[in-house]
Amino acid sequence: MVTSVVTTSGNTTCMDFSTNQWHGYVGGNTPYGLWVDGPLHPWRDAKGTPTFITGHSEGYRYNVLSDWHNGHTWTNWNAGRHWNSPRDTVEGHYANRHWIVSPFARGSLVVGLTHHEFYQSSTTIGGVKGFNSHAHGFNTRWVNGIGYVRSTNDGQAWTVPNPGDFGQNHHNVRCVLIPEPWSYQSIDTAYGFLHPSNIVQEGNYYYAFIKVRNLPGNTTLLDNGFTIIRTSNLDASVGWQFYNNANQWETVINGCIHAGLTDDTGRAAYAAEARAIRNFRSKLKFLTEQARADGKGASAATSRIISARPTTPTTAVVLMTPSASIP
């Protein structure tokens, strides 16, 4: 984490947040409060004023009225916290720690994608829940997802969909992308979806890039990459699409969350089934292309592989890999 904002020319410090009263620690040395744990993604508020919120599970909002180079001219300097993330340590609730990273404004309505962190082994420090205990090594057993928040007053206050409602059909709407549960991976390497980019609009769609840390073949070999997602309805966390390995847009259905919150076997089964479908599609595509290359047509190759399709009826797809590295 960093404590200051600098310009790109000459690395001039324009704001040192460590001088602010809200910058602090819990338990002696654990960062808490006003910290900058990610790039600033400004937006313009309803009056056209450049505005940003610090990227951390505790967010502080600022207006830049005149000079980006002089942080002492930024307003709301001592206004206090504008975002205090839920800290629910149940993995299936997807409500532990959310960084507001990607705000997109339409008037005073601001929608944001979040960077969400769950730690399989968490701890409470100074009365604050949800920190990584590092019980299994530094920054291990760490699962990341992409969440969704809204503000109706220029980012002065934020809400998550269905706060506190962890029913089987509701808690999924807090996240745009949900990785496979840790119980399925069961290894120490951090994985999942991280650090969304700015949201940009092109035509009728809104797009964002997402960093992906994937464990292909359920191994400890870490595959870093990115994927692109889009939606035509920025007012909903569900219904986003990702660009798949068939070069097509596919709607995200966070299938594993339809299992019970404590049903690790069921959630893992959804994830495994989705992986089987992806593998089937990839092999079918490969055989089809191979048959075409051989001049034999696709029908024979297709008929040979149909029997490999999972027999369990499927209504869910769980995105786990960037389009360039689907196993």
Side-chain angles (χ1 to χ4, degrees), residues 1 22 24-27 30-38 41 53-61 79-104 109-134 139 141-153 155-179 181-183 190 192-196 210 235-238 240 254 256-262 267:
M1 282 186 248
W22 304 109
Y25 301 83
V26 291
T30 301
Y32 183 77
L34 178 53
W35 287 77
V36 184
D37 191 23
H41 290 173
I53 188 167
T54 54
H56 201 210
S57 51
E58 299 80 45
Y60 296 77
R61 171 184 170 274
R81 191 178 306 160
H82 296 86
W83 165 248
N84 191 27
S85 174
R87 286 175 174 265
D88 185 322
T89 57
V90 177
E91 179 178 8
H93 290 179
Y94 307 106
N96 182 39
R97 299 180 70 187
H98 286 267
W99 280 236
I100 299 177
V101 179
S102 305
F104 187 96
L109 174 62
V110 189
V111 170
L113 294 177
T114 71
H115 164 92
H116 173 255
E117 296 186 3
F118 164 79
Y119 318 113
Q120 197 271 335
S121 180
S122 62
T123 188
T124 298
I125 301 175
V128 181
K129 299 191 301 181
F131 291 106
N132 194 342
S133 72
H134 307 296
N139 286 349
R141 304 193 182 187
W142 178 350
V143 184
N144 297 277
I146 301 300
Y148 178 91
V149 293
R150 289 167 56 90
S151 172
T152 59
N153 57 1
Q156 298 180 65
W158 302 80
T159 59
V160 296
N162 298 95
D165 182 352
F166 305 122
Q168 183 169 324
N169 297 317
H170 298 121
H171 65 281
N172 60 313
V173 300
R174 269 183 287 283
C175 284
V176 171
L177 294 176
I178 300 174
W182 186 87
S183 61
F193 308 102
L194 309 86
H195 307 146
I210 306 294
D235 296 315
S237 61
V238 296
W240 286 69
N254 289 309
C256 67
I257 55 83
H258 293 298
L261 295 179
T262 59
R267 296 176 71 230

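Note that these values count all heavy atoms, side chains included, but never hydrogens, waters or copies made by symmetry.
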- Scanning both residues in full, the closest heavy-atom pair of G155 with R61 reads O-CD, 3.1 Å
- Taking the six-membered ring of Y119, is the NZ or CZ of R97 close enough (under 6.0 Å from the centre) and on axis enough (within 45°)? no
- Message: Side chains of D235 and R150, heavy atoms from C-beta outward: is any pair under 4.5 Å?
- Response: yes
- Is a side-chain N or O of H82 found less than 3.5 angstrom from the main chain of Q156, in a donor-acceptor match? no
- Message: Would you say that P181 contacts E91 through its side chain, given a criterion of any heavy-atom pair below 4.5 Å between the two side chains?
- Response: yes
- What pair of heavy atoms forms the shortest contact from H56 to G33, and how long is it? ND1-O, 3.7 Å
- Just by distance, do the side chain of E117 and the backbone of H98 share a donor-acceptor pair under 3.5 Å? no
- For P179 and G145, which heavy atoms make the closest approach, and how far apart are they? CD-CA, 4.1 Å
- Message: Once rounded to the nearest 0.5 Å, what's the spacing between atom OG of S237 and atom CZ of R174?
- Response: 9.5 Å
- With a 4.5 Å heavy-atom cut-off, do H41 and V101 have their side chains touching? yes
- Flag side-chain contact, heavy atom, 4.5 Å: W158 against I53: yes
- Message: Please give me the minimum heavy-atom distance between V110 and P103, naming the atom from each residue.
- Response: CG1-CB, 3.7 Å
- When rounded to the nearest 0.5 angstrom, what is the spacing between CG in N144 and CD1 in I210? 11.5 Å
- Query: Any sub-3.5 Å donor-acceptor pair from S151's side-chain atoms to A157's backbone N or O?
  - Reply: yes
- Item | Heavy-atom donor-acceptor pair, S57 side chain to W99 backbone, under 3.5 Å | no
- Please walk me through it: do Y148 and V238 pass side chain to side chain contact (heavy atoms under 4.5 Å, CB included)? CA-CA 9 Å; Y148 178 91; V238 296; over 6 Å; no
- Do V149 and V111 touch side chain to side chain, with heavy atoms closer than 4.5 Å? no
- Query: With a 4.5 Å limit on heavy-atom distance, are the side chains of W22 and R81 in contact?
  - Reply: no
- Item | is_close_aromatic(W35, Y25), centroid dist under 6.0 Å | yes
- Item | Spatial distance of atom OH (Y94) from atom CD1 (I146) [nearest 0.5 Å] | 13.5 Å
- Message: Using 0.5 Å steps for rounding, measure from the CD1 atom of I125 to the OG1 atom of T30.
- Response: 3.5 Å
- Side-chain contact test, heavy atoms from C-beta onward, threshold under 4.5 Å: evaluate it for F131 versus S122 and give yes or no. no
- Any chance you could measure R87, atom CZ, to K129, atom NZ, to the nearest 0.5 Å? 10.0 Å
- Query: So do the side chains of L34 and E58 get within less than 4.5 Å of each other, counting heavy atoms only?
  - Reply: no
- Any donor-acceptor pair under 3.5 Å linking the side chain of T114 with the backbone of G147? yes
- Message: Let me confirm one number: the OG1-CH2 distance from T54 to W83, rounded to the nearest 0.5 Å.
- Response: 12.0 Å
- Note on the structure: Residues W182 and V143: closest non-hydrogen pair is CB-CG2, 3.9 Å
